[in-house]
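The structure appears below as structure tokens.
Only heavy atoms go into these numbers, but all of them, side chains included; no hydrogens, no water, no symmetry mates. Proteins come first, then strands; the chains are lettered A, B, ... in the order of their sequence lines, and each starts at number 1. This is a predicted model, so every value here is computed, not measured.
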Amino acid sequence: MSVQFVVPGSKSVSRPPSVAAYLVDRTFFFIAALGALIIIALVAYILWEIGGQALPAIRTSGAKFLINTGWDAQRGNFGILPQIWGTLYSSLLALAIGGFIGITIAIFLTQDFLPPRIAVIFRTLIEMLAAIPSVVFGLWGIFVVIPFVRPGANWLFEHAGFIPFFGSSLSGPGLLPAVIVLSIMILPTVAAISQDAIGLVPYKIKEAAYGMGATRWEAILKVIVPTASGGIFSALVLGFGRALGETMALAMLIGNSNQISLSLFSPANTLAALLASNFPEAAQPERQALMYAALVLLAITLVVNVFGTLILIWTSQKVAKA
Amino acid sequence: MSTAAVLRRPKTGTSSDIAIDCNVNKIFYGNFLAVRDSAVPIEKGKITGFIGPSGCGKSTVLRSLNRMNDLIPGFRLEGKVDFLGQDIYAKGIDPVVVRRYIGMVFQQPNPFSMSIFDNVAFGLRLNRFKGDVEEKVEHALRRAALWDEVKDKLKASGLSLSGGQQQRLCIARAVATEPTVLLMDEPCSALDPIATRRIEELMLELKKDYTIALVTHNMQQARRVADVTAFFSVDISKGGRTGFLVEIGDTNNIFDAPETELTKQYIRGEFS
């Protein structure tokens with residue numbers, strides 16, 4: 001394939017690579033490129049297919065679909081503002097709770113608070129949370145979380161009901177149990193990725209902090225966590241993405257009620273839960289509207305991920321050069 | 001550690017000329033005897049150089065002077081390290097307090113991923129300094145001979161500087177709080193010759209205000225900057241690799257008229 005490279009009179013054992021080695025090289029490149037292309041094609045195809053099926057609904061409802069609040073299959077009147085609100089509200093709350101706990105756990109497991117062996121056990125346990133099926137979380141929420149939080153929630157409603165967050169009673173499914181379960185579901189993602197990020201902070205940086213006379217918490221909060229902030233931010237973005245798309249447990253716990261309320265105790269709905277509960281019995285105009293809703297959900301998660309990536313690139317560049 | 005004994009700020013003008021009186025009998029990492037029998041007095045206002053072959057324990061001894069070794073599990077010291085008359089290994093002394101009075105510069109430049117200003121101000125904020133932070137930061141950067149190069153970009157990341165500049169930034173960070181003693185653990189080993197020369201000049205300048213202990217693997221560097229030189233070697237006779245102090249004295253004496261055969265061989269470059 002190329003010009004022979006000859007070293008005259010050489011007694012060296014060195015030889016050019018064999019034809020087979022070159023062939024393996026090429027083949028490997030081809031397979032890798034194909035894999036990458038398939039991913040891109042798949043994303044494009046999904047967008048195309050969902051977009052195509054949603055097109056009639058997009059034509060009839062247009063942007064009003066995003067700000068209407070009713071979902072009436074009989075009259076063909078569809079709007080998903082409550083679902084958008086519920087998706088973002090529940091995900092943000094879950095991110096606040098699950099993110100905080102996840103980062104705390106990551107710090108706890110990486111900064112020598114525990115003997116290494118016990119830290120590994122803890123880590124494995126948390127990762128096992130990720131393996132619990134969504135429907136099991138949903139059942140656990142119905143039979144454990146709701147009865148557990150109901151007395152406290154209703155006490156808050158009676159005594160502090162003037163605060164908008166406690167402005168209704170919790171009769172069963174509702175935002176609060178959904179958020180609690182959602183927090184637990186995103187916790188393994190946040191904890192695992194934050195642990196990796198904190199683990200990547202070089203030892204010499206920790207040493208510098210301790211060398212300045214920092215206490216353990218000063219070293220962690222003022223130096224180690226800020227140094228790992230890029231990775232921790234990615235963990236939060238991924239956790240948020242997971243919360244946005246979570247379906248089964250939410251469909252079981254959130255109450256599937258199309259209302260917009262600040263109250264943590266009122267039932268609500270999310271885009272994913274709407275799709276899961278309405279699809280099985282949907283007839284034609286509703287099906288198209290559901291496809292439109294799916295497209296909106298996809299757009300929200302895409303925007304979140306793209307923004308997350310951009311902010312990450314932007315901050316790491318700021319650290320690198322500035 | 002709520003009952004931690006407070007390490008009092010040393011009085012100035014103590015009669016003794018010794019800043020840190022280091023009397024190490026034994027240093028262990030777990031069961032491993034890393035260093036034995038090393039008495040190294042660090043004299044005030046001087047640079048004490050630690051030289052010796054690799055594995056001789058010079059860094060271990062240096063790092064036991066501000067209790068950095070406490071970060072390593074299994075570390076144990078037998079002996080006494082007196083910092084201006086107080087045993088820093090006494091029961092109840094918090095290593096964190098010791099490190100606030102005895103600053104350290106490391107082998108690898110290790111600025112924090114924050115701005116140049118924040119790097120230098122780090123220790124001031126840690127010590128809840130209430131005065132003029134900007135003035136202190138400028139002073140420290142001038143002390144570290146870095147001010148002119150960074151005065152227009154104090155908000156830039158400390159990591160944007162070159163290796164030599166980063167090391168001077170770390171020196172500025174260490175001297176900003178005006179610690180009594182500065183420990184330098186091979187501060188030039190990651191730097192090119194020009195940057196090394198600048199740091200050496202800086203050490204001679206800093207000596208006017210600080211007591212410095214310097215570990216170096218470069219004999220010539222000890223010769224150029226150290227007033228007192230301690231030569232360590234490693235004892236492999238008992239199966240382990242245990243470092244110990246061979247000889248300590250005025251730098252000129254160590255290099256020109258060493259007392260032991262081991263030192264002579266090392267100075268002649270017969271082993272390293």
Side-chain angles (χ1 to χ4, degrees), chain A residues 103 106-120 194 196-236 311-322, chain B residues 1 4 7 62-63 66-73 94-116 118-128 153-161 166 169-170 173-177 179 182-185 190:
Chain A
I103 294 170
I107 292 170
F108 189 63
L109 292 184
T110 50
Q111 297 305 310
D112 309 323
F113 285 97
L114 296 174
R117 209 174 273 217
I118 297 178
V120 169
S194 303
D196 292 343
I198 294 172
L200 281 177
V201 175
Y203 182 72
K204 64 174 189 177
I205 298 294
K206 285 185 213 174
E207 216 176 32
Y210 288 118
M212 290 299 296
T215 64
R216 189 186 244 189
W217 276 107
E218 283 166 341
I220 289 171
L221 292 181
K222 292 183 179 169
V223 175
I224 296 168
V225 168
T227 306
S229 58
I232 293 176
F233 182 76
S234 310
L236 292 175
I311 292 176
L312 193 63
I313 292 171
W314 181 68
T315 47
S316 59
Q317 267 175 356
K318 219 178 80 177
V319 168
K321 64 171 178 74
Chain B
M1 286 257 178
L7 197 75
L62 186 85
R63 282 160 172 263
N66 70 341
R67 297 197 60 174
M68 276 308 280
N69 280 335
D70 285 53
L71 295 177
I72 299 166
D94 185 352
V96 167
V97 185
V98 176
R99 294 177 200 138
R100 290 194 181 188
Y101 291 102
I102 305 177
M104 184 143 199
V105 176
F106 297 84
Q107 228 176 65
Q108 297 276 335
N110 53 5
F112 301 133
S113 72
M114 47 178 87
S115 72
I116 292 170
D118 288 342
N119 262 286
V120 183
F122 185 83
L124 300 170
R125 290 172 182 153
L126 208 59
N127 288 285
R128 301 178 306 278
K153 50 169 183 174
L154 291 173
K155 286 206 175 107
S157 165
L159 298 170
S160 65
L161 300 173
Q166 286 190 10
L169 178 63
C170 293
R173 182 177 64 189
V175 300
T177 54
L182 203 54
L183 307 179
M184 304 179 101
D185 188 2

Largest heavy-atom contact set with chain B, pairs under 4.5 Å, which of A:R216, A:E207, A:E218: A:E207
- prompt: Are A:K222 and B:L126 close enough that some pair of their side-chain heavy atoms sits under 4.5 Å apart?
  reply: yes
message: I'd like to know whether B:L71 forms a side-chain contact (heavy atoms from CB on, under 4.5 Å) with A:Y210, so could you lay out the CA-CA distance, the side-chain angles of the two residues, the decisive distance to 0.1 Å, and finally the verdict.
response: CA-CA 9 Å; B:L71 295 177; A:Y210 288 118; 3.9 Å; yes
message: On a heavy-atom basis, which atom in A:A208 and which in B:R173 lie closest, and how many Å separate them?
response: CB-NH2, 3.5 Å
query: Between A:I205 and B:N110, which heavy-atom pair has the shortest distance, and what is it?
result: CD1-O, 4.1 Å
message: Quick check against the 3.5 Å criterion: does B:R100 have a side-chain atom that pairs as donor or acceptor with the backbone of A:G213?
response: yes
query: Got A:V223 and B:F122 here, is their nearest side-chain heavy-atom distance under 4.5 Å?
result: yes
- request: Answer with side chain, backbone, both or neither: which region of B:P109 has an atom nearer than 4.5 Å to a non-hydrogen atom of chain A?
  value: backbone
query: Given side chains that start at C-beta, do those of A:K204 and B:F106 come closer than 4.5 Å, heavy atoms only?
result: no
field: Residues forming a side chain to side chain donor-acceptor pair (under 3.5 Å) with B:D70, sequence neighbours excluded
entry: B:R67
